[in-house]
Amino acid sequence: MANRELSKIFREIAGFLRMDNIPFKPQAYQRAAKVLDGLEDDAGEIYKRGGIEAVKNIEGVGESIASKIEEYVRTGKIKSYEELKRRMPLDLSEIIRIEGMGVKKARTLYLKLGVKNIKELEKAAKDHKISGLEGFGAVSEKNILEGIGFLKSKKGRFLLGDVFFIVENLVKELGGLEEVKRVEPAGSFRRRKETVGDIDILAVSENPGRVIDFFSSRNEVAKVWGRGATKCSVRIKDGFDIDLRVVPEKCYGSALQYFTGSKEHNVATRRIAIAKGLKLSEYGLFKGKTQIAGRTEQDVYKKLGMQWIPPEMRENKGEAELALEDRIPELIGYKDIKGDLHCHSDWDGGKNSIREIAESAEKMGYEYVGIADHTKYLKIERGLDEDQIRKRNKEIDKLNKTSKIRILKGCEANILKDGSLDIKGDVLAELDFVIAGVHSSLKMEEKYMTERIIKAIKDPNVDIISHPTGRIIQKRDECRINMEEIFKAAKDFNKVLEINSFPERLDLKDEYIRRAKEKGVKMIINTDSHIISHLGYITLGISQARRGWAEKKDIINTQPLERILEYFKR
DNA sequence: GCCGTTTTCGGCCCGACTGTTTTCAGTCG
């Protein structure tokens, strides 16, 4: 896929241009990058099919960017980009991952101190070289070190959503090979952790050499680390590593169990084995020297006297004990969602029309879909005012006459600093549902932030609180909120907390989902999509819900249309 | 650099917040 690489390059070009205060061009490159990210067709393929003219038909791509795409497809490089990098040889995309660091600060620090990457930045901050510079002070140094510390604590890990579809695709391709009998990802990927390190893939084959040949020669492979008879490690162009192991069929199950982890879960299961006079390893479950299980995971757990445990639960949080007592909950399934209620349309900053969203939602097998455009406080997202909401509602009414699935009228209103909403109540009352979320003043003290959200929960028009903690994974901690009080208020006022499926949000996170479930708080899994390709993120939200042990009954959008409407009327 | 049933030239989502200043630049969403 050339799209990902091109979009990364265009984002960097945008950064370089912004550094030099060049107006408007950065937005153009940024936009092209964004379009490429959401593009289903591969730009390289488009070029090969229809030449530069076809490429120019891509939105946001004109003369100049099209010729850069052409250059990239033909030579694998873009000269002007290489030139920019030579002039400013710093790892911009890395440095700006630190919160509070942007291209201008990166530029100053490079020119004054020669800082090229996070490591050098950390040293400069520790040596107090930064506080003396114009525009920087002691607080800047402190913030930089804090930001770096935050990034480091999740070092080398990737967002599940950033690798998910690449890995799924690879596994599907491997599974399609004739010589591959079984293949599955293991590790934290299989447990669907919100961030993953290396990806482990396990396969069974009579001909490991052929499978490894295929695996290591795929064109997204950047580097082959190690190649053995049954094992191969590669780095993908996107920057993460994948290990493939080919194992004998008779221990596929035990190997899968072993490599899925977590480490702590494995310790717990091995302890159970020992208590039964057995020994569990990646090679199987043994009684003395005889293998009594190993071919399938189910068999391994069964012979241990346990129920099979969904990978998302294997974090040693009490699941082993439940499995021994036959009390593993029936988690929400990946096909249980009947509709996504947090979709932004082109009425606000979204990309697709309501009709397109409804059609995509129908293709996903949904019964209903909810349009939840931003409201007016969020100017950057073109939030709607009262009149625009009413106008949009009319369009939805019209579309509903012909649409095969029901389109619900909603919005994502802003919870202002004092806990009030930015849209008048009489307009909210005309909607099928109202989501409310915090998008500003995220650094309030716990007491005030908690009061603020609870006030919104008490608002009779509000049904759902979106991304309740406001965290951005690997970038921003959750807001200071007393979640216990939020759960209590949600329960008392019968309001729903969102599990936002966006890769960098996944908010509520697993622990809170589990706590909410214990408290009897209802939740909803939404995508917060701004383009129809985001609708597929729902699977990440479901994973998160399963990691929080949520069952179908805990998640309201597993319910049919009438039930969910009834729920919002209450 | 891209785009156009208000334009083929002249526009490009902008306000809040923070840390630095003493009126503002940079970052974020």
Side-chain angles (χ1 to χ4, degrees), chain A residues 6 9-36 52 55-69 78 80-81 84 92 95-111 125 130-147 344 346-351 373-385 388 412 414-418 422 437-445 449 466-467 470-472 475-477 479 500 502 504-505 507 528 530:
Chain A
L6 281 166
I9 291 173
F10 291 151
R11 262 179 234 280
E12 282 210 18
I13 292 178
F16 283 122
L17 296 171
R18 245 192 290 272
M19 266 185 183
D20 292 335
N21 270 325
I22 294 170
F24 307 118
K25 287 190 189 185
Q27 285 98 304
Y29 279 101
Q30 198 80 40
R31 173 145 181 255
K34 205 174 164 186
V35 169
L36 284 171
I52 199 154
V55 176
K56 273 201 277 183
N57 280 335
I58 300 171
E59 223 191 302
V61 175
E63 203 74 46
S64 172
I65 293 183
S67 72
K68 288 188 173 66
I69 293 176
I78 297 173
S80 54
Y81 168 62
L84 286 168
L92 192 61
I95 290 177
I96 62 173
R97 277 176 62 205
I98 301 165
E99 220 199 344
M101 282 293 293
V103 292
K104 296 284 175 60
K105 287 183 185 171
R107 177 179 186 273
T108 307
L109 293 172
Y110 172 71
L111 292 178
I130 293 174
S131 55
L133 298 176
E134 208 181 313
F136 293 87
V139 184
S140 306
E141 265 174 8
K142 185 177 141 272
N143 283 346
I144 285 169
L145 289 174
E146 269 179 25
H344 294 275
D346 58 3
W347 279 79
D348 68 6
K351 176 87 170 35
D373 293 314
H374 284 296
T375 52
K376 62 188 177 188
Y377 177 85
L378 267 197
K379 297 229 168 46
I380 177 73
E381 297 278 7
R382 297 172 195 273
L384 275 48
D385 64 21
Q388 289 169 309
E412 185 184 17
N414 296 292
I415 304 174
L416 303 176
K417 222 169 168 173
D418 65 352
D422 65 337
V438 170
H439 295 96
S440 59
S441 302
L442 303 173
K443 292 193 169 172
M444 289 170 87
E445 275 178 50
M449 185 59 96
S466 58
H467 40 73
R471 72 159 177 175
I472 303 293
K475 188 135 190 184
R476 185 173 76 203
D477 271 325
C479 295
N500 188 295
F502 230 74
E504 58 262 48
R505 285 200 187 268
D507 180 9
D528 202 349
H530 286 65

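Throughout, protein chains are lettered first and strands after them, A, B, ... in sequence-line order, and every chain is numbered starting at 1.
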*Which comes earlier along DNA chain B counting from the 5' end, the contact point of A:Ala106 or that of A:Ala28, where each point is its nearest nucleotide?*
A:Ala28

*asked:* Using heavy-atom distances to pick each residue's nearest nucleotide on DNA chain B, tell me which of A:Asn21 and A:Gly60 is more 5'.
replied: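 The answer here is A:Gly60.
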
Between [X] ([atom1]) and [N] ([atom2]), how many Å, whole number?
| X | N | atom1 | atom2 | value |
| --- | --- | --- | --- | --- |
| A:Tyr29 | B:dC3 | OH | P | 13 Å |
| A:Tyr81 | B:dG1 | OH | C1' | 18 Å |
| A:Asp373 | B:dC13 | CG | C1' | 15 Å |
| A:Met444 | B:dA16 | CE | C1' | 14 Å |
| A:Arg97 | B:dC28 | CZ | C1' | 17 Å |
| A:His530 | B:dG29 | NE2 | P | 13 Å |
| A:Glu99 | B:dG26 | CD | P | 18 Å |
| A:Arg31 | B:dG4 | CZ | P | 8 Å |

What is the nucleic acid contact for [X], judged by heavy atoms within less than 4.0 Å: base, sugar-phosphate only, or nothing?
| X | result |
| --- | --- |
| A:Glu134 | nothing |
| A:Ala14 | nothing |
| A:Lys104 | sugar-phosphate |

*Check whether any side-chain heavy atom of A:Met101 lies under 4.5 Å from a side-chain heavy atom of A:Leu109, and answer yes or no.*
yes

_Validation row: A:Ile144, A:Lys105 side chains within 4.5 angstrom (heavy atoms)_ = no

When the [atom1] atoms of [N] and [M] are considered, how many whole Å apart are they?
| N | M | atom1 | value |
| --- | --- | --- | --- |
| B:dG11 | B:dT7 | P | 13 Å |
| B:dC13 | B:dT8 | C1' | 23 Å |
| B:dC12 | B:dT6 | C1' | 16 Å |
| B:dC9 | B:dC14 | C1' | 24 Å |
| B:dT20 | B:dA25 | P | 16 Å |
| B:dT22 | B:dG26 | P | 15 Å |

Ignoring the backbone of [X], work out which of [options] is nearest its side chain.
| X | options | answer |
| --- | --- | --- |
| A:Lys443 | B:dG26, B:dC2, B:dT18 | B:dT18 |
| A:Lys105 | B:dG26, B:dT18, B:dG1 | B:dG26 |
| A:Ser64 | B:dG1, B:dT20, B:dT27 | B:dG1 |
| A:Lys417 | B:dC28, B:dC17, B:dT27 | B:dC17 |
| A:Ser140 | B:dT20, B:dT27, B:dC2 | B:dT20 |

Below 4.0 Å: OP1/OP2 of [N] and any side-chain N or O of [X]:
| X | N | value |
| --- | --- | --- |
| A:Ser441 | B:dC17 | yes |
| A:Asn143 | B:dG19 | yes |
| A:Arg476 | B:dG29 | yes |

*asked:* Regarding A:Lys104 and A:Asn21, do their side chains bring together a donor and an acceptor under 3.5 Å, going by distance alone?
replied: yes

*Side chains of A:Lys68 and A:Ser64: do they bring a donor and an acceptor to under 3.5 Å?*
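Checked: A:Lys68/A:Ser64 side chains pair up, N/O donor to acceptor below 3.5 Å.
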
Please report the interatomic distance [atom1]([X]) to [atom2]([Y]), rounded to the nearest 0.5 Å.
| X | Y | atom1 | atom2 | value |
| --- | --- | --- | --- | --- |
| A:Ile78 | A:Ile69 | CD1 | CD1 | 8.0 Å |
| A:Asp477 | A:Ile472 | CG | CD1 | 11.0 Å |
| A:Arg505 | A:Arg471 | CZ | CZ | 10.5 Å |
| A:Tyr377 | A:Asp422 | OH | CG | 9.0 Å |

_Results of ring pair (Phe, Tyr, Trp, His ring centres under 6.0 Å) for A:His344 - residues two or more places apart only_ =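 Applying ring pair (Phe, Tyr, Trp, His ring centres under 6.0 Å) to A:His344 gives A:His342, A:His374, A:His530.
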
*Under the rule syn = chi within 90° of 0, otherwise anti, which is B:dT6?*
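Anti, since the glycosidic angle lies more than 90° from 0.
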
Under 3.5 Å, N/O pairs linking protein and nucleotides 5-12 of chain B:
none

*Return the nucleotide paired to B:dT27: Watson-Crick means purine N1 to pyrimidine N3 with N6-O4 or O6-N4, wobble means G-U with N1-O2 and O6-N3, both under 3.5 Å.*
B:dA16

